Amino acid sequence: MKITEHINASKGKTLFSFEILPPLKGQNIKSIFDSIDPLMEFNPPFIDVTYHREEYVYIEKENGLLEKRIVRKRPGTVGICAAIQSRFKVDAVPHILCGGFSKEDTENFLIDLDFLGIQNVMALRGDAVKSETYFKPEPNGNYFANDLVQQISGMNKGIFQEEILENSHHTDFCIGVAGYPEKHMEAPSLEQDIKRLKDKVAAGAEYVVTQMFFDNEQYFKFVKRCRENGITVPIIPGLKPIATKNQLNLIPHRFYVDLPDKLIGEVVKCKDNQAVRQVGIEWCIAQSKELIDAGVPVLHYYSMGKSSNIHSVASAVF
Ligand SMILES: Cc1cc2nc3c(=O)[nH]c(=O)nc-3n(C[C@H](O)[C@H](O)[C@H](O)COP(=O)(O)OP(=O)(O)OC[C@H]3O[C@@H](n4cnc5c(N)ncnc54)[C@H](O)[C@@H]3O)c2cc1C
(Lines give C-alpha, C1' and ligand atoms only; values in the text may rest on other atoms or scores of the structure.)
Protein backbone atom coordinates (compact mmCIF):
# COMPACT_ATOMS: atom_id res chain seq x y z
CA MET A 1 0.00 0.00 0.00
CA LYS A 2 1.02 3.60 -0.47
CA ILE A 3 1.96 5.70 2.57
CA THR A 4 -0.96 8.02 1.82
CA GLU A 5 -3.32 5.00 1.80
CA HIS A 6 -1.95 3.85 5.17
CA ILE A 7 -2.58 7.33 6.56
CA ASN A 8 -6.12 7.47 5.17
CA ALA A 9 -6.88 3.95 6.45
CA SER A 10 -5.73 4.85 9.97
CA LYS A 11 -8.69 7.25 10.31
CA GLY A 12 -6.79 9.78 12.39
CA LYS A 13 -4.94 7.32 14.64
CA THR A 14 -1.20 8.12 14.76
CA LEU A 15 0.87 5.36 13.13
CA PHE A 16 4.32 4.15 14.18
CA SER A 17 7.19 3.88 11.67
CA PHE A 18 10.94 4.00 11.67
CA GLU A 19 14.03 4.29 9.49
CA ILE A 20 16.92 1.86 9.34
CA LEU A 21 20.39 2.00 7.79
CA PRO A 22 21.82 -0.84 5.70
CA PRO A 23 24.60 -2.59 7.65
CA LEU A 24 28.23 -1.78 6.90
CA LYS A 25 29.61 -3.74 3.96
CA GLY A 26 30.68 -7.22 5.07
CA GLN A 27 27.99 -7.54 7.75
CA ASN A 28 25.05 -9.89 7.67
CA ILE A 29 21.42 -8.90 7.03
CA LYS A 30 20.64 -10.71 10.31
CA SER A 31 21.65 -7.55 12.21
CA ILE A 32 18.85 -5.71 10.39
CA PHE A 33 16.28 -8.38 11.17
CA ASP A 34 17.41 -8.40 14.82
CA SER A 35 16.80 -4.66 15.10
CA ILE A 36 13.43 -4.81 13.31
CA ASP A 37 12.01 -7.89 15.09
CA PRO A 38 11.34 -6.24 18.48
CA LEU A 39 9.66 -3.22 16.83
CA MET A 40 7.10 -5.32 14.92
CA GLU A 41 4.80 -5.48 17.96
CA PHE A 42 3.96 -1.79 17.32
CA ASN A 43 2.62 -2.64 13.82
CA PRO A 44 4.63 -0.30 11.63
CA PRO A 45 2.83 -0.05 8.28
CA PHE A 46 6.10 0.97 6.63
CA ILE A 47 9.84 0.98 7.29
CA ASP A 48 12.27 3.35 5.55
CA VAL A 49 15.69 2.17 4.38
CA THR A 50 18.31 4.87 3.83
CA TYR A 51 20.58 5.07 0.78
CA HIS A 52 24.29 5.78 1.16
CA ARG A 53 26.22 7.14 -1.76
CA GLU A 54 29.81 6.44 -2.61
CA GLU A 55 32.68 7.99 -0.68
CA TYR A 56 36.21 8.73 -1.83
CA VAL A 57 39.01 7.25 0.27
CA TYR A 58 42.74 7.66 -0.20
CA ILE A 59 44.91 4.52 0.10
CA GLU A 60 48.66 4.96 0.60
CA LYS A 61 50.57 2.85 -1.93
CA GLU A 62 54.03 1.26 -1.41
CA ASN A 63 55.69 4.15 -3.30
CA GLY A 64 54.14 6.61 -0.84
CA LEU A 65 51.66 8.02 -3.36
CA LEU A 66 47.98 8.18 -2.52
CA GLU A 67 45.49 6.33 -4.63
CA LYS A 68 41.91 7.66 -4.75
CA ARG A 69 39.33 4.91 -4.50
CA ILE A 70 35.56 5.00 -4.56
CA VAL A 71 33.88 2.88 -1.87
CA ARG A 72 30.28 2.36 -0.82
CA LYS A 73 30.27 1.50 2.86
CA ARG A 74 26.57 0.72 3.22
CA PRO A 75 25.27 -0.86 0.01
CA GLY A 76 22.16 -3.04 -0.10
CA THR A 77 19.18 -0.64 0.17
CA VAL A 78 17.12 -2.40 -2.51
CA GLY A 79 17.93 -5.91 -1.26
CA ILE A 80 16.99 -4.97 2.30
CA CYS A 81 13.69 -3.46 1.09
CA ALA A 82 12.84 -6.66 -0.79
CA ALA A 83 13.80 -8.77 2.26
CA ILE A 84 11.67 -6.59 4.60
CA GLN A 85 8.61 -6.84 2.35
CA SER A 86 8.96 -10.61 2.07
CA ARG A 87 9.77 -11.36 5.72
CA PHE A 88 7.65 -8.82 7.63
CA LYS A 89 4.88 -8.19 5.08
CA VAL A 90 5.12 -4.43 5.62
CA ASP A 91 5.87 -1.77 3.03
CA ALA A 92 9.54 -0.88 2.69
CA VAL A 93 10.38 2.65 1.57
CA PRO A 94 13.77 2.89 -0.12
CA HIS A 95 15.47 6.26 -0.14
CA ILE A 96 16.76 7.32 -3.54
CA LEU A 97 19.24 10.13 -4.18
CA CYS A 98 20.17 12.52 -6.96
CA GLY A 99 23.83 12.23 -5.90
CA GLY A 100 25.77 9.47 -7.63
CA PHE A 101 22.96 8.69 -10.08
CA SER A 102 22.57 9.66 -13.72
CA LYS A 103 18.94 9.84 -14.87
CA GLU A 104 19.45 6.46 -16.59
CA ASP A 105 20.71 4.94 -13.29
CA THR A 106 17.67 6.40 -11.53
CA GLU A 107 15.33 4.94 -14.12
CA ASN A 108 16.89 1.48 -13.83
CA PHE A 109 16.78 1.67 -10.02
CA LEU A 110 13.07 2.57 -10.14
CA ILE A 111 12.32 -0.22 -12.62
CA ASP A 112 13.85 -2.71 -10.16
CA LEU A 113 11.74 -1.26 -7.32
CA ASP A 114 8.59 -1.46 -9.43
CA PHE A 115 9.26 -5.11 -10.35
CA LEU A 116 9.83 -5.91 -6.65
CA GLY A 117 6.39 -4.54 -5.79
CA ILE A 118 7.76 -1.52 -3.90
CA GLN A 119 5.16 1.24 -4.09
CA ASN A 120 6.76 4.08 -2.12
CA VAL A 121 10.03 5.97 -2.53
CA MET A 122 11.62 8.79 -0.57
CA ALA A 123 13.20 11.20 -3.08
CA LEU A 124 16.25 13.11 -1.83
CA ARG A 125 19.09 15.11 -3.25
CA GLY A 126 21.77 13.71 -0.92
CA ASP A 127 24.73 15.63 0.45
CA ALA A 128 27.98 16.60 -1.25
CA VAL A 129 30.61 13.85 -1.11
CA LYS A 130 32.93 14.40 1.85
CA SER A 131 35.82 15.70 -0.26
CA GLU A 132 33.65 18.42 -1.90
CA THR A 133 32.14 21.57 -0.41
CA TYR A 134 29.07 21.75 -2.64
CA PHE A 135 26.78 19.11 -4.00
CA LYS A 136 27.52 18.20 -7.61
CA PRO A 137 25.15 16.09 -9.67
CA GLU A 138 26.41 13.35 -11.99
CA PRO A 139 26.58 14.17 -15.70
CA ASN A 140 22.93 13.90 -16.82
CA GLY A 141 21.90 13.47 -13.19
CA ASN A 142 19.20 15.24 -11.21
CA TYR A 143 20.37 18.40 -9.45
CA PHE A 144 17.69 18.95 -6.81
CA ALA A 145 15.22 16.57 -5.19
CA ASN A 146 12.56 18.45 -7.13
CA ASP A 147 14.12 17.22 -10.42
CA LEU A 148 14.14 13.66 -9.09
CA VAL A 149 10.48 13.96 -8.07
CA GLN A 150 9.73 15.15 -11.61
CA GLN A 151 11.50 12.12 -13.08
CA ILE A 152 9.60 9.70 -10.83
CA SER A 153 6.28 11.46 -11.53
CA GLY A 154 7.14 11.22 -15.23
CA MET A 155 7.60 7.45 -14.95
CA ASN A 156 4.23 7.32 -13.19
CA LYS A 157 2.87 8.78 -16.45
CA GLY A 158 4.85 6.34 -18.62
CA ILE A 159 7.59 8.85 -19.56
CA PHE A 160 11.03 7.23 -19.77
CA GLN A 161 14.43 8.58 -20.79
CA GLU A 162 14.06 7.00 -24.23
CA GLU A 163 11.22 8.90 -25.73
CA ILE A 164 10.67 6.29 -28.44
CA LEU A 165 9.15 3.83 -25.92
CA GLU A 166 5.52 3.41 -26.89
CA ASN A 167 2.68 1.97 -24.78
CA SER A 168 5.14 1.85 -21.87
CA HIS A 169 4.15 0.57 -18.42
CA HIS A 170 3.27 3.32 -15.96
CA THR A 171 4.86 2.96 -12.55
CA ASP A 172 2.70 4.08 -9.62
CA PHE A 173 5.07 5.27 -6.90
CA CYS A 174 3.91 7.30 -3.94
CA ILE A 175 6.70 9.86 -3.47
CA GLY A 176 7.91 11.23 -0.14
CA VAL A 177 10.31 14.17 0.29
CA ALA A 178 12.31 15.75 3.11
CA GLY A 179 11.30 18.89 5.02
CA TYR A 180 13.37 20.90 7.49
CA PRO A 181 11.56 22.60 10.41
CA GLU A 182 14.82 24.41 11.26
CA LYS A 183 15.70 25.07 7.57
CA HIS A 184 18.05 23.10 5.33
CA MET A 185 21.63 24.17 5.99
CA GLU A 186 22.12 25.59 2.48
CA ALA A 187 18.83 27.48 2.25
CA PRO A 188 19.13 31.27 2.59
CA SER A 189 15.97 31.38 4.74
CA LEU A 190 13.22 29.11 6.03
CA GLU A 191 10.76 30.96 3.78
CA GLN A 192 12.84 30.09 0.69
CA ASP A 193 13.24 26.50 1.85
CA ILE A 194 9.46 26.15 2.27
CA LYS A 195 8.97 27.52 -1.26
CA ARG A 196 11.34 24.78 -2.52
CA LEU A 197 9.36 22.23 -0.54
CA LYS A 198 6.21 23.51 -2.20
CA ASP A 199 7.88 22.97 -5.61
CA LYS A 200 8.57 19.32 -4.67
CA VAL A 201 4.92 18.83 -3.77
CA ALA A 202 3.80 20.55 -6.99
CA ALA A 203 6.09 18.15 -8.88
CA GLY A 204 4.30 15.14 -7.38
CA ALA A 205 5.45 14.50 -3.79
CA GLU A 206 2.54 13.20 -1.73
CA TYR A 207 3.97 13.43 1.76
CA VAL A 208 6.84 15.04 3.70
CA VAL A 209 9.04 13.53 6.42
CA THR A 210 10.85 16.06 8.58
CA GLN A 211 14.41 16.23 9.71
CA MET A 212 14.73 15.32 13.40
CA PHE A 213 13.86 18.05 15.92
CA PHE A 214 13.97 18.13 19.71
CA ASP A 215 11.55 20.99 20.35
CA ASN A 216 8.01 20.32 19.13
CA GLU A 217 7.41 24.07 18.74
CA GLN A 218 9.80 23.94 15.74
CA TYR A 219 7.56 21.33 14.11
CA PHE A 220 4.29 23.11 14.92
CA LYS A 221 5.60 26.44 13.55
CA PHE A 222 6.94 24.71 10.43
CA VAL A 223 3.63 22.95 9.70
CA LYS A 224 1.76 26.24 10.18
CA ARG A 225 4.05 28.05 7.71
CA CYS A 226 3.80 25.17 5.22
CA ARG A 227 -0.01 25.31 5.39
CA GLU A 228 0.08 29.12 4.97
CA ASN A 229 2.19 28.56 1.86
CA GLY A 230 -0.36 26.14 0.42
CA ILE A 231 1.38 22.82 1.21
CA THR A 232 -1.49 20.50 2.09
CA VAL A 233 0.13 17.01 2.08
CA PRO A 234 0.80 15.09 5.34
CA ILE A 235 3.92 16.29 7.18
CA ILE A 236 5.32 13.38 9.20
CA PRO A 237 7.52 14.34 12.17
CA GLY A 238 10.91 12.61 12.46
CA LEU A 239 12.18 11.93 15.99
CA LYS A 240 15.38 10.60 17.46
CA PRO A 241 16.08 9.81 21.11
CA ILE A 242 19.49 11.13 22.19
CA ALA A 243 21.64 8.21 23.36
CA THR A 244 25.15 9.49 24.12
CA LYS A 245 26.82 12.64 25.47
CA ASN A 246 28.79 12.99 22.20
CA GLN A 247 25.54 13.55 20.36
CA LEU A 248 25.20 16.97 22.04
CA ASN A 249 27.89 18.15 19.61
CA LEU A 250 27.41 15.68 16.82
CA ILE A 251 23.70 16.21 16.17
CA PRO A 252 23.80 20.02 15.69
CA HIS A 253 26.98 19.69 13.61
CA ARG A 254 25.67 16.93 11.36
CA PHE A 255 21.97 17.77 11.08
CA TYR A 256 21.95 21.56 11.64
CA VAL A 257 19.29 21.41 14.37
CA ASP A 258 19.18 23.08 17.79
CA LEU A 259 18.96 21.22 21.06
CA PRO A 260 16.83 22.86 23.78
CA ASP A 261 18.81 24.12 26.81
CA LYS A 262 16.69 22.01 29.16
CA LEU A 263 17.60 18.80 27.29
CA ILE A 264 21.29 19.81 27.16
CA GLY A 265 21.22 20.50 30.92
CA GLU A 266 19.74 17.10 31.70
CA VAL A 267 22.27 15.29 29.49
CA VAL A 268 25.22 17.21 30.94
CA LYS A 269 24.20 16.14 34.46
CA CYS A 270 24.34 12.42 33.49
CA LYS A 271 27.17 10.33 34.93
CA ASP A 272 27.34 7.88 31.99
CA ASN A 273 25.74 7.09 28.66
CA GLN A 274 23.31 4.68 30.30
CA ALA A 275 21.84 7.68 32.11
CA VAL A 276 21.92 9.78 28.90
CA ARG A 277 20.02 7.05 27.10
CA GLN A 278 17.29 7.22 29.76
CA VAL A 279 17.08 11.03 29.48
CA GLY A 280 16.84 10.69 25.68
CA ILE A 281 14.04 8.11 25.95
CA GLU A 282 12.03 10.23 28.39
CA TRP A 283 12.46 13.37 26.29
CA CYS A 284 11.36 11.50 23.16
CA ILE A 285 8.33 9.98 24.95
CA ALA A 286 7.22 13.47 26.00
CA GLN A 287 7.68 14.77 22.42
CA SER A 288 5.79 11.77 21.00
CA LYS A 289 2.84 12.14 23.37
CA GLU A 290 2.45 15.84 22.60
CA LEU A 291 2.64 15.18 18.86
CA ILE A 292 0.01 12.43 19.09
CA ASP A 293 -2.26 14.80 21.03
CA ALA A 294 -1.77 17.29 18.19
CA GLY A 295 -3.02 14.63 15.75
CA VAL A 296 0.10 13.93 13.66
CA PRO A 297 -0.49 11.17 11.08
CA VAL A 298 2.66 9.14 11.83
CA LEU A 299 5.55 9.25 14.28
CA HIS A 300 8.69 8.35 12.36
CA TYR A 301 11.73 7.36 14.43
CA TYR A 302 15.35 7.50 13.29
CA SER A 303 16.85 4.28 14.63
CA MET A 304 20.39 4.81 13.27
CA GLY A 305 20.97 1.08 13.53
CA LYS A 306 19.90 0.75 17.19
CA SER A 307 16.33 -0.14 18.01
CA SER A 308 16.28 -0.76 21.77
CA ASN A 309 15.66 2.89 22.71
CA ILE A 310 12.98 3.20 19.99
CA HIS A 311 11.36 0.13 21.56
CA SER A 312 11.35 1.82 24.98
CA VAL A 313 9.77 4.96 23.51
CA ALA A 314 7.16 3.05 21.49
CA SER A 315 6.25 0.88 24.52
CA ALA A 316 5.31 4.03 26.43
CA VAL A 317 3.51 5.70 23.54
CA PHE A 318 1.73 3.11 21.32
C1 LIG B 1 13.69 12.41 6.18
C2 LIG B 1 15.09 12.49 5.61
C3 LIG B 1 15.69 11.34 5.07
C4 LIG B 1 16.99 11.39 4.54
N5 LIG B 1 17.56 10.24 4.04
C6 LIG B 1 18.78 10.29 3.47
C7 LIG B 1 19.37 9.12 2.90
O8 LIG B 1 18.80 8.03 2.90
N9 LIG B 1 20.60 9.25 2.33
C10 LIG B 1 21.26 10.45 2.29
O11 LIG B 1 22.38 10.48 1.76
N12 LIG B 1 20.74 11.57 2.82
C13 LIG B 1 19.50 11.52 3.41
N14 LIG B 1 18.95 12.67 3.95
C15 LIG B 1 19.73 13.92 3.93
C16 LIG B 1 19.49 14.75 2.62
O17 LIG B 1 19.96 14.04 1.51
C18 LIG B 1 20.24 16.07 2.79
O19 LIG B 1 19.65 16.85 3.79
C20 LIG B 1 20.46 16.89 1.52
O21 LIG B 1 21.44 17.89 1.79
C22 LIG B 1 19.23 17.60 0.99
O23 LIG B 1 18.33 16.73 0.44
P24 LIG B 1 16.87 17.25 -0.01
O25 LIG B 1 16.21 16.11 -0.67
O26 LIG B 1 16.20 17.91 1.11
O27 LIG B 1 17.31 18.33 -1.13
P28 LIG B 1 16.52 19.47 -1.91
O29 LIG B 1 15.08 19.44 -1.66
O30 LIG B 1 16.99 19.38 -3.32
O31 LIG B 1 17.10 20.80 -1.24
C32 LIG B 1 18.49 20.99 -1.07
C33 LIG B 1 18.79 22.48 -0.91
O34 LIG B 1 18.62 23.13 -2.17
C35 LIG B 1 17.64 24.17 -2.06
N36 LIG B 1 16.91 24.12 -3.34
C37 LIG B 1 16.00 23.22 -3.73
N38 LIG B 1 15.61 23.47 -4.99
C39 LIG B 1 16.31 24.56 -5.41
C40 LIG B 1 16.38 25.31 -6.62
N41 LIG B 1 15.63 24.98 -7.66
N42 LIG B 1 17.24 26.36 -6.68
C43 LIG B 1 18.02 26.69 -5.61
N44 LIG B 1 17.98 26.04 -4.43
C45 LIG B 1 17.15 24.98 -4.34
C46 LIG B 1 16.81 23.83 -0.84
O47 LIG B 1 16.24 24.99 -0.24
C48 LIG B 1 17.86 23.19 0.06
O49 LIG B 1 18.61 24.19 0.72
C50 LIG B 1 17.68 12.63 4.53
C51 LIG B 1 17.09 13.78 5.08
C52 LIG B 1 15.81 13.72 5.62
C53 LIG B 1 15.19 14.94 6.23
Side-chain angles (χ1 to χ4, degrees), residues 3 17-23 46-55 72-78 80-81 92-101 106 109 113 120-130 132-138 141-152 175-214 218-219 222 225-226 229 231 233-240 251-257 298-305:
I3 304 306
S17 80
F18 58 96
E19 172 188 293
I20 57 160
L21 277 64
F46 64 93
I47 299 171
D48 276 52
V49 184
T50 54
Y51 191 92
H52 299 258
R53 66 175 299 185
E54 75 286 0
E55 290 174 34
R72 279 194 58 212
K73 291 186 179 165
R74 291 183 187 272
T77 300
V78 177
I80 292 170
C81 285
V93 185
H95 291 192
I96 172 168
L97 306 180
C98 302
F101 284 75
T106 303
F109 189 91
L113 299 183
N120 303 282
V121 285
M122 182 76 187
L124 300 144
R125 188 197 67 178
D127 290 319
V129 284
K130 283 195 182 121
E132 289 170 354
T133 315
Y134 298 106
F135 174 82
K136 274 198 210 132
E138 292 299 298
N142 290 304
Y143 202 122
F144 293 109
N146 179 31
D147 305 317
L148 176 56
V149 174
Q150 282 181 29
Q151 184 178 358
I152 305 169
I175 309 167
V177 289
Y180 301 82
E182 295 171 66
K183 174 182 107 54
H184 182 260
M185 56 170 169
E186 295 165 30
S189 71
L190 183 58
E191 194 61 25
Q192 280 299 313
D193 210 23
I194 289 175
K195 286 195 177 10
R196 303 302 184 191
L197 180 59
K198 191 176 178 188
D199 292 343
K200 293 194 274 192
V201 174
E206 291 181 73
Y207 70 101
V208 176
V209 180
T210 75
Q211 180 58 281
M212 64 183 73
F213 55 88
F214 296 86
Q218 301 279 11
Y219 170 82
F222 176 67
R225 283 180 81 165
C226 287
N229 275 275
I231 298 171
V233 299
I235 302 178
I236 298 174
L239 296 177
K240 183 197 150 31
I251 287 176
H253 177 69
R254 191 146 157 217
F255 301 105
Y256 298 87
V257 297
V298 184
L299 285 175
H300 188 68
Y301 294 93
Y302 294 107
S303 81
M304 294 183 159

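Read the numbers this way: they start at 1 and go in the same order the structure lists the ligands and their atoms. Predicted model, so just to flag it, every value in this text is computed and none were measured.
- Ranked by closest heavy atom to atom 24 (P) of ligand 1, the top entry among Phe255, Tyr180, Phe135 is Tyr180.
- Salt bridge annotation for Glu186-Arg125: present, with a cationic side-chain nitrogen under 4.0 angstrom from a carboxylate oxygen.
- Atoms of ligand 1 lying under 4.0 Å from any heavy atom of Gln211, numbered from 1 in the order shown and given with element: 53 (C).
- Of all atoms in ligand 1, listed by their number and element, those nearer than 4.0 Å to a heavy atom of Glu186 are 49 (O).
- Ring centroids of Tyr302 and Phe255 are separated by 6.0 Å or more, keeping the two rings apart.
- The closest approach between a heavy atom of Tyr143 and any atom of ligand 1 is not below 4.0 Å.
- Under the 3.5 Å distance criterion, the side-chain polar atoms of Lys198 are matched with a main-chain donor or acceptor of Asn229.
- Protein heavy atom nearest atom 28 (P) of ligand 1, with residue, atom name and distance: Ala145 CB, 3.8 Å.
- Interface of Leu97 with ligand 1, defined as ligand atoms under 4.0 Å from a residue heavy atom, comprises 9 (N), 10 (C), 11 (O).
- A donor-acceptor pair is defined here as one N or O able to donate and one able to accept, closer than 3.5 Å; no such pair exists between the side chain of Asp193 and the backbone of Ala187.
- For atom 49 (O) of ligand 1, the nearest non-hydrogen atom from the set His184, Arg254, Arg125 belongs to His184.
- In terms of heavy-atom proximity, Pro22 sits nearest to Thr50 at CD-OG1, 3.3 Å.
- Those atoms of ligand 1 with a heavy atom of Ala187 less than 4.0 angstrom away are 47 (O), 49 (O).
- Contact annotation for atom 47 (O) of ligand 1: protein present (non-hydrogen atoms, distance under 4.0 Å).
- The aromatic rings of Phe109 and Phe101 sit perpendicular to each other, their planes meeting at more than 60°, with 30° as the lower class boundary.
- Using a non-hydrogen distance threshold of 4.0 Å, Tyr302 registers as a contact of ligand 1.
- Nearest protein heavy-atom neighbour of atom 5 (N) of ligand 1: His95 ND1, 3.0 Å.
- Under a 4.0 Å heavy-atom criterion, Gly126 is in contact with ligand 1.
- Counting only non-hydrogen atoms, the option in Thr50, Thr77, Leu124 that gets closest to atom 14 (N) of ligand 1 is Leu124.
- At a 3.5 angstrom cut-off on N or O pairs, Phe144 does not count as close to ligand 1.
- For the pair Lys200 and ligand 1, a heavy-atom separation below 4.0 Å is found.
- Residues Pro181 and Gly179 approach most closely at CD-O, 3.6 Å, considering heavy atoms.
- In terms of protein heavy-atom proximity, atom 9 (N) of ligand 1 is closest to Tyr51 O, 2.7 Å.
- Contact detail for Asn142 and Thr106: the closest heavy-atom pair is ND2-OG1, 4.2 Å.
- Here the CD atom belonging to Glu19 is positioned 6.0 Å from the CG atom belonging to Asp48, to the nearest 0.5 angstrom.
- At the top of the distance list for atom 20 (C) of ligand 1, counting protein heavy atoms only, stands Asp127 OD1, 3.2 Å.
- Considering Arg74, Lys73, Arg72 as possible partners of Glu55, the one that fulfils the side-chain hydrogen bond (donor to acceptor under 3.5 Å, both in side chains) test is Lys73.
- Those atoms of ligand 1 that come under 4.0 Å of a heavy atom in Ala178, given as number and element, are 26 (O), 52 (C), 53 (C).
- The ring pair (Phe, Tyr, Trp, His ring centres under 6.0 Å) test with Phe213 is passed by exactly one of Phe222, Tyr219, Tyr180: Tyr219.
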